[in-house]
Trainee: 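Provided herewith is a single structure, encoded as structure tokens, for subsequent inquiry.
Computed from heavy atoms alone, side chains included, the values below leave out hydrogens, waters and symmetry copies.
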Amino acid sequence: MFNYQLRPGRKKEMIKFERKGNSEPQITIITAYFNGDRYIDETINSVLNQTFPDWEWIIVNDGSTTEESIQKLKEIEKIDKRIKVVSKENSGLAATRDYGANLANENSKYLFFLDDDDLINRTYLECAYWTLQTNQEAAWAYSDVVNFEGEEFKWIKWFDSETEKEENLLVATALIRKDDFFEVNGYELREKAVNEDWNLWLKLLAKGKRPVRMNFDGFWYRRKLQNSELQRSKQNRKRALEIVKQTGKQIKGKVEAFQYPKQDYNWELIQEECTQNVTYQIEENGKINILMIIPWMVTGGADKFNLDLITRINKDKFNIIMVTTQPSTNEWRQEFEEQTIIYDLTTFLEKKYWVAFIQNLIKQYRIDIVFNTNSLEGYSMIPYLKAKNPEIPIMDYVHMEEWYNRSGGYSRDSSLVSSCIDKTLVCNQNSEKILIDHFGRNPEEVGTVYIGVDEKKFNPQKYEKEAILKEFQIQKEENKYIISCICRISEQKRPMLLVEILRELKNRRQDFIAVIAGDGPMLEKVKAKIRRYGLTEEVVFLGNVKETEKVYQISDLTINCSIKEGLALTAYESLAMGVPVVTANVGGQAELIHSEVGVVVPCMQKETEIMNFDYKEEEIASYVQAIDKVLKDLENYKKNCRNRILNGFTIDHMIVNMEKQLEELVTHKNQKKIETGKALANATDICKELITKTYVAMMGEYEWLCNQVNMKYFKGIDGYHYDSGYDYFETPMGKLRLKVIKITKKLHLYETIKSILRRIRKS
């Protein structure tokens, strides 16, 4: 659930930079100010918090009339030497913005118009700067939008120049090339409240100028319900539409935008530079600065480890900057951004520039350790990064080996570049042994750090069972047990085996309810088999539950059928909540689940047979017997579960161990790895070729992930997703639907038709 209260700028987190030489501003921020003292403090914070410091800020006082507003401007100008306040007579928003643009430093390349009540994400200017530097054909860059305060919703629109003529898909705030802005004479309009920003975009499109749409929540638009520029524009809508319609007629042909995420790599040379050399670095802070490379920020055990690490680590000793490398809607991004600075490369940058950007971050943040976990792209970059930075140690964390995925998964990827990795950590001793025995890793360079669980959050004393049963609408008889399974409903978790176990269990006893919490690609198949086996009365599907502690609270036993785990987060959580576990003997499960807290069942299926859903009767029976064993002596099992966690498997234990590993890397550097880096410095072409081969090998998967993200955001009129996703309206049927949309909107019938279609489908 997106939290609209977690807006940027609500607190000051200013990063202090040191500059090399006399660097000129690259960006001129322009703010039209009129009696804006109420909200501007948050706007100021959101600018001062920017990770890109090469800006100047011109605040144009457009004839403010209150003493409080005029006094506020005097205070603002003293905050930072990069801020300049100028005043003029009131002339409206468009004229004021043009006035500020004409005062921009002659060396600045870009203009950024930010209203005095709006906010920007900490990395907005930096990401927009880099995307325009690397997309030289583009004239301006903008992001997806969060609307907050008066109304709360996200504005995520696929850009289409034809649609833009009829409906403004964009917002007022964007980074614009200064030369292109002046080529179209800026806003130019001198009437007030006539959608001047929409008209500007149309003027740029009429000149064939292309935009970049960055796919992250970079801009926060304050939707005041009263006395707002948007409200005034609506009141003046007839005149505004006359102006934009006239400008729209000047657009000849379709103008394509650069829109992220997108698959854009095709054997191109990996670029080592894509912008000016770094002219600034963070000030020396006495901390160990860590660059983490991860795939994404979604619901999952590995992602929870990443979040726990950046949340709990001692911030007086460590500073973490994070990069993500796989396209995703990133449901957990807000939680991550509350703890650290996030750069999602997929949302603003072509892949051929990724390594240059990361190398830039290493200099910018004075990085002491590069830490990769579960990013295949990250592994491909490690030799290059080591060649460029031989003194910087590299660490990785592997959650499990997957023999059905690249014959070992990330364990194999890690071992491929192990000569450049100073320390590999794993989440269980079984995986550590496999790295040493199977992949031939040096035992001194491999170690185990258990991921742990938050025992304060997962505490059964905090939750009331009856209230949760009511919330989940579960009617439970007193003599019935609840057996739960919390997992992603995918092949790895073997949900079809769970169904077979429940079928056999019902043949033996009728005193249970099975609760399945999770979502995934196999969910519908599982539901179908449950119906076929006549188990609908015994099984409750909860879908994806964020507060999993509630599921444990109503459970008497949890079950894990996975064909592969590192050491499942659900096992930690279940024990912390005092609930015993029956689990397959995979990964490090047996290192946590011993005979006093549950039962470990042999896994009788090879990992390479993951798609085989014909399970052995012996394996099914072993689970049923284990369930019977635990339920027979349930209270004794429950007594031991929570103590198992408190005695060494909490997040606090994990953090202590991780901090030791990180400090050890910096204080006792491996000279052999340093020499390896120096030797690779003469072979960076080979290192870049490794990156190339990885990107090419991932082209299909990366494009699929891009399509998944785009299909989630962009739909047809009837709400269905289409295989072609965002390209749907380029098809003949799509073009017809687009015409229908435009006509029905003009006739004010669009929402009515959608409502009718929904009712028809439901019936």
Side-chain angles (χ1 to χ4, degrees), residues 299-301 399-405 409 474 481-510 512-545 548 551 555-571 574 581-587 589-590 593 598-631:
T299 306
H399 289 269
M400 62 181 171
E401 61 287 337
E402 301 164 290
W403 302 115
Y404 53 83
N405 180 17
I474 297 175
Y481 300 104
I482 290 184
I483 300 169
S484 66
C485 179
I486 304 174
C487 68
R488 176 169 167 75
I489 314 301
S490 63
E491 291 82 0
Q492 178 198 333
K493 305 298 181 179
R494 295 200 294 179
M496 290 301 190
L497 173 58
L498 174 65
V499 177
E500 299 294 341
I501 293 166
L502 295 177
R503 183 191 194 191
E504 181 60 27
L505 189 64
K506 185 182 178 183
N507 291 335
R508 300 194 185 194
R509 58 195 306 163
Q510 285 75 47
F512 73 92
I513 297 173
V515 173
I516 299 176
D519 200 352
M522 292 189 67
L523 180 59
E524 293 307 316
K525 292 181 180 178
V526 170
K527 287 182 176 180
K529 200 162 191 178
I530 289 290
R531 290 193 295 268
R532 191 160 65 249
Y533 283 176
L535 293 170
T536 52
E537 295 297 319
E538 286 78 20
V539 180
V540 177
F541 290 93
L542 296 181
N544 193 20
V545 179
T548 54
V551 183
S555 302
D556 297 293
L557 168 72
T558 61
I559 184 169
N560 184 320
C561 302
S562 296
I563 197 170
K564 192 64 194 179
E565 293 284 1
L567 208 166
L569 183 61
T570 54
S574 185
V581 179
V582 171
T583 179
N585 188 12
V586 293
Q589 293 292 90
I593 310 300
V599 179
V600 178
V601 177
C603 181
M604 300 180 186
Q605 186 180 29
K606 295 179 181 179
E607 285 184 39
T608 51
E609 298 173 356
I610 189 171
M611 302 304 293
N612 180 7
F613 304 142
D614 186 15
Y615 303 106
K616 295 181 179 179
E617 292 184 7
E618 183 183 356
E619 184 169 14
I620 296 168
S622 65
Y623 275 95
V624 174
Q625 291 164 10
I627 293 169
D628 286 339
K629 182 179 180 180
V630 173
L631 295 181

Trainee: Would I593 and N560 count as a side chain to side chain contact (heavy atoms under 4.5 Å, CB included) here? Give the steps.
Mentor: CA-CA 11 Å; I593 310 300; N560 184 320; over 6 Å; no

Trainee: Taking side chain to side chain donor-acceptor pair (under 3.5 Å) as the test, write out the residues that go with R503, two or more places apart.
Mentor: Y533

Trainee: Side-chain contact, heavy-atom cut-off 4.5 Å: R509 with Y481?
Mentor: yes

Trainee: Pair C487, I489 - check side chain to side chain contact (heavy atoms under 4.5 Å, CB included), show working.
Mentor: CA-CA 6 Å; C487 68; I489 314 301; 3.9 Å; yes

Trainee: To the nearest 0.5 Å, what is the distance between CG on L631 and CG on L557?
Mentor: 5.5 Å

Trainee: If you define the side chain from C-beta out and look only at heavy atoms, does anything of F613 sit under 4.5 Å from E500?
Mentor: no

Trainee: State, with a plain yes or no, whether a side-chain heavy atom of M604 is found less than 4.5 Å away from one of E617.
Mentor: no

Trainee: For a quick test of reading the model, state the closest non-hydrogen atom pair linking V586 to I563 and the distance between them.
Mentor: CG1-O, 3.4 Å

Trainee: Taking the side chain as everything from C-beta on, heavy atoms only, tell me whether C603 gets closer than 4.5 Å to N585.
Mentor: no

Trainee: Would you call V515 and I474 a side-chain contact if the rule is heavy atoms closer than 4.5 Å?
Mentor: yes

Trainee: Which distance, rounded to the nearest 0.5 Å, do you find between the CD of Q492 and the CE of M522?
Mentor: 12.0 Å

Trainee: Once side chain to side chain contact (heavy atoms under 4.5 Å, CB included) is applied, do any residues pair with R531, and if so which ones, sequence neighbours excluded?
Mentor: K527, A528, T536

Trainee: What pair of heavy atoms forms the shortest contact from A584 to S562, and how long is it?
Mentor: CB-O, 3.4 Å

Trainee: Heavy atoms, side chains only, cut-off 4.5 Å: are I516 and L498 in contact?
Mentor: yes

Trainee: Output all residues satisfying side chain to side chain contact (heavy atoms under 4.5 Å, CB included) with D519, sequence neighbours left out; order by chain, then residue number.
Mentor: L523, N544

Trainee: Please check this pair: side chain of Q589 against backbone of T583, looking for a donor-acceptor N/O pair closer than 3.5 Å.
Mentor: no

Trainee: Stepwise, does the side chain to side chain contact (heavy atoms under 4.5 Å, CB included) test hold for L502 with V539?
Mentor: CA-CA 9 Å; L502 295 177; V539 180; 4.0 Å; yes

Trainee: If every non-hydrogen atom of P521 is compared with every non-hydrogen atom of R488, which pair is closest and at what distance?
Mentor: CD-NH2, 3.3 Å

Trainee: Side chains of F541 and I530: does their closest heavy-atom pair fall under 4.5 Å?
Mentor: yes

Trainee: Could you go step by step and tell me if K529 and V526 meet the side chain to side chain contact (heavy atoms under 4.5 Å, CB included) rule?
Mentor: CA-CA 5 Å; K529 200 162 191 178; V526 170; 5.9 Å; no

Trainee: Ignoring hydrogens and geometry, is there a side-chain-to-backbone donor-acceptor pair from K506 to G534 under 3.5 Å?
Mentor: yes

Trainee: With A626, which residues qualify under side chain to side chain contact (heavy atoms under 4.5 Å, CB included), at least two apart?
Mentor: V582, V599, V601

Trainee: Ignoring hydrogens, what is the shortest heavy-atom contact between C561 and Y623? Give both atom names and the distance.
Mentor: CA-OH, 3.6 Å

Trainee: Quick check: do L505 and D628 have side-chain heavy atoms less than 4.5 Å from each other?
Mentor: yes

Trainee: So which heavy atom on L535 is nearest to which on V499, and how close?
Mentor: CD1-O, 4.1 Å

Trainee: Give, for atom OG of S555 and atom CD1 of I513, the distance between the pair rounded to the nearest 0.5 Å.
Mentor: 10.5 Å

Trainee: Considering all heavy atoms of both residues, which atom of R508 and which atom of A621 are nearest to each other, and what is their separation?
Mentor: NH2-CB, 4.4 Å

Trainee: Can you list everything that forms a side chain to side chain contact (heavy atoms under 4.5 Å, CB included) with K606? Sequence neighbours excluded, please.
Mentor: T608, E609

Trainee: With Q605, which residues qualify under side chain to side chain donor-acceptor pair (under 3.5 Å), at least two apart?
Mentor: R494

Trainee: So, E402 and K564, do they make that salt bridge, N to O below 4.0 Å?
Mentor: no

